[in-house]
Amino acid sequence: MPKFFITALLLLFFVGFSQAQELKSPNGKFSMRFSLQGNGVPTYTLTYKGKQVIKPSKLGFELITKGAATASGGSDANMEQKAVNLQGSLHDNFTVTDTKTATFNETWNPVWGEVKTIRNHYNELAVTMNQKGTDRQMVVRFRLFDDGLGFRYEFPTQKNLTYFVIKEERTQFGMAGDHTAYWIAGDYDTQEYDYTTSKLSEIRGIMAKAVTNNLSQTTFSPTGVQTSLMMKTKDGVYINLHEAALIDYPAMHLNLDDKNLVFESWLTPDAQGAKGYMQAPRSTPWRTVIVSDDARDILASKMTYNLNEPSKIKDTSWIKPTKYVGVWWEMITGKSTWSYTNDYPTVQLGITDFSKAKPNGTHGANTANVKRYIDFAAKHGFDGVLVEGWNVGWEDWFGNSKDYVFDFVTPYPDFDVKGIRDYAKSKGVKMIMHHETSSSVRNYERHMDKAYQFMKDNGYDAVKSGYVGNILPRGENHYSQWIVNHYQYAIEKAAEYKIMVNAHEAVRPTGVARTWPNLIGNESARGTEYQSFGGSKPNHVTLLPFTRLIGGPMDYTPGIFEMDLSKLNPQNKSHVNSTLANQLALYLTLYSPLQMAADLPENYDRFADAFQFIKDVAVDWDDSKYLEAEPGEYITVARKAKGTGQWFLGSVGGNEARTSNIKLDFLDKGKKYVATIYADAKDAHYKTNPQAYNIRKVNVTSKSKLSQFVALGGGYAISFVEAPGK
Ligand code: NOJ
Ligand code: CA
């Protein structure tokens with residue numbers, strides 16, 4: 001018998017036996033396989049260019065069983081229900097009852113973004129399964145794109161699975177080797193960690209060191225890590241694991257079985273330890289695996305957005321990419337304070353009389369200082385001014401499990417809301433409101449309508465919210481289902497008021513901004529503030545785009561020019577671990593439609609020639625070209641501004657000095673440009689000589705090449721202006 005015939009027979013037997021299904025990506029580079037293994041256990045695999053990315057990995061859930069105590073009555077129906085309730089396992093005994101395949105190919109235009117048009121192209125396989133003995137149905141829907149795989153669980157309306165509570169999701173991601181991982185510790189309450197680079201097998205040994213202090217933190221496992229998780233195989237394949245469309249569900253972490261190198265989903269529990277309250281019909285978020293042998297493709301992937309629903313906001317004309325300054329860094333560095341008085345050891349809203357309090361003389365959000373920032377914004381063409389510490393309550397705002405911390409409408413006596421509103425308007429500058437909730441989530445929801453109306457009445461179209469400290473209701477976690485729903489509620493409620501949202505300490509984004517484009521920023525990672533709390537690793541910014549930014553933009557707040565923070569506040573011994581040129585490049589490499597120039601006006605005045613780049617750089621783009629990328633080492637990207645067509649380029653380096661070699665072939669053919677290059681000087685170094693930069697102008701075309709030195713913790717930034725004439 002010919003060999004191929006035997007193989008075909010064997011394959012048929014195997015396929016028939018395990019009810020296997022195969023799917024290929026549109027470009028044929030990916031293939032995935034679904035099958036039932038052993039005792040009807042749903043299992044999938046993924047290969048990329050013939051290499052195994054996900055080895056056979058199980059799918060399913062463990063449910064919380066209600067048990068005899070909750071099943072009452074003696075009727076047959078009740079007894080049946082009781083039997084169903086006792087079935088905790090939703091991960092075996094399945095048979096496949098239906099499979100459907102489909103192809104989808106469309107383009108859509110984001111309201112803001114890195115590119116003008118996004119292609120959403122995939123092949124889909126939906127497998128409907130029935131669980132023997134319980135008659136429960138579950139669908140797993142796979143979408144295979146040219147840049148990776150997304151899949152989710154769906155629970156159609158059915159008799160035997162109506163309401164259910166998840167004890168744990170049992171989605172596995174079996175790794176085919178001991179990959180290099182770029183990870184932060186799994187934590188129910190914070191993502192504000194520096195990244196660690198290690199082999200998967202080394203995570204356990206390093207975990208204790210990787211968990212640095214935070215005002216609210218709850219780690220759960222010595223091998224638990226967060227998504228988006230970036231990895232690299234030893235033969236150069238880049239793998240990113242994350243999730244898309246996290247709606248009404250807890251955030252997923254990954255727990256590694258480090259003997260077998262298998263990650264399993266680990267959801268964030270609520271105060272009772274439950275991991276998800278479900279009611280059919282319902283779908284989970286998508287689990288995503290983005291893969292390429294070229295790291296640049298990971299950064300350019302739009303899969304996470306594609307797995308989210310189109311915009312639910314019809315008129316998006318009020319959503320505006322924004323470059324802003326703010327009364328902020330001076331508090332973060334300790335040069336000034338959010339609080340107004342030092343008179344009281346504790347304050348209570350409605351009881352403490354702030355009009356009688358003696359001002360402490362360090363309150364940053366005073367009218368004169370705010371006007372100074374408005375003047376600075378107007379002079380240099382910024383769109384907005386953020387002011388923190390404007391409202392009463394900052395004298396003791398976290399750490400005491402206090403419910404009623406802020407009311408979001410009562411200013412301190414020295415902050416003239418109406419005067420500032422009129423002054424900003426006369427200068428053509430938009431004010432950005434700050435709502436620190438102190439994680440008192442219910443209190444914020446109680447005040448939200450009034451607070452947003454107050455904003456509109458006073459000319460504010462954007463809010464920066466924050467969730468510092470432990471969540472109230474007590475025992476809840478920052479990323480549990482109920483709190484995820486709160487962040488979503490705030491976004492949707494803000495949309496009703498035509499307010500843009502930038503939430504700090506909220507759950508990390510999962511592409512939800514496609515559906516709700518008024519979510520123009522999130523922090524949800526270790527931002528620039530940590531440069532003032534002891535510093536971040538110099539290569540931190542080369543990792544954020546591969547991890548945190550996969551789900552959406554970050555309000556990283558770049559643009560620090562004075563790295564020695566004792567110059568702002570003698571008590572502050574921190575150092576900003578970055579060169580000045582690196583700070584400029586961040587406006588390109590850390591994509592966001594919301595970008596802050598975070599340093600003090602006086603520091604920008606000292607370096608007016610470098611500041612010119614921050615003034616010029618755009619915040620919304622028609623096109624983006626990733627030119628160089630390696631996680632932890634470097635990222636170089638060129639972007640074409642929306643509206644003007646002007647090109648800008650940014651490049652950041654990490655823990656080693658290097659030479660960046662790029663071609664400028666992204667520039668429009670046949671045109672001549674003057675490139676203004678803001679770069680590290682030869683002797684620049686993030687620690688010892690961060691302010692050593694030079695600025696040069698060079699004539700270039702799309703045929704030009706550039707070889708540019710990048711210091712340790714350094715970078716360079718370029719603005720291209722079309723040369724007049726031919
Ligand atoms: C932490 C935020 O990340 C920071 O930007 C803010 O200034 C403080 N919380 C106070 O709300
Ligand atoms: Ca923060």
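Sequence positions, counted from 1, serve as the residue numbers for this chain. Note: hydrogens, waters and symmetry copies are ignored here, and every other heavy atom, side chains too, is used. First listed ligand is number 1; within each ligand, the first listed atom is number 1.
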| Between Arg548 and Glu192, does at least one N-O distance fall below 4.0 Å, as a salt bridge requires? | no

Here the Ca ion (ligand 2) sees protein N, O or S atoms within less than 3.0 Å, and their number is 5

Side-chain polar contacts of residues 428-435 - donor-acceptor pairs under 3.5 angstrom, sequence neighbours left out - could you list them?
residue, atom, partner, partner atom, Å
Lys430, NZ, Asp461, OD2, 2.9
His435, ND1, Tyr444, OH, 2.8

| message | Quick one, Phe611 with Phe376, criterion ring pair (Phe, Tyr, Trp, His ring centres under 6.0 Å). Give me CA distance, side-chain angles, the key distance, then yes/no. | response | CA-CA 12 Å; Phe611 183 51; Phe376 183 79; 5.5 Å; yes

Next on the checklist: Is there a side-chain contact between Phe408 and Asn443 in this structure, where contact means two heavy atoms from C-beta onward sitting under 4.5 Å apart?
Outcome noted: yes

| field | Sub-6.0 Å ring centroid separation between His478 and Tyr467 | value | no

Please tabulate protein-ligand N/O pairs under 3.5 Å for ligand 1, atom names and distances to 0.1 Å.
residue, atom, partner, partner atom, Å
ligand 1, 3 (O), His504, ND1, 2.8
ligand 1, 3 (O), Glu505, OE2, 3.0
ligand 1, 3 (O), Glu523, OE1, 3.3
ligand 1, 3 (O), Glu523, OE2, 2.9
ligand 1, 3 (O), Glu529, OE1, 2.9
ligand 1, 3 (O), Glu529, OE2, 3.2
ligand 1, 5 (O), Trp328, NE1, 3.0
ligand 1, 5 (O), Lys464, NZ, 2.6
ligand 1, 5 (O), His504, ND1, 3.4
ligand 1, 7 (O), Trp328, NE1, 2.9
ligand 1, 7 (O), Glu388, OE1, 2.6
ligand 1, 7 (O), Glu388, OE2, 3.3
ligand 1, 11 (O), His434, NE2, 3.4
ligand 1, 11 (O), Glu436, OE1, 2.6

*salt_bridge(Asp403, Arg446) N-O dist < 4.0 Å*: yes

* State, without any angle test, whether Gln453 and Asp449 hold a side-chain donor-acceptor pair at a distance under 3.5 Å. => no

Residue pairs meeting ring-ring contact (aromatic ring centres under 6.0 Å, His included), one or both in residues 490-517, sequence neighbours left out, come to Tyr452-Tyr497

_Between Phe454 and Trp390, is the ring centroid distance below 6.0 Å?_
yes

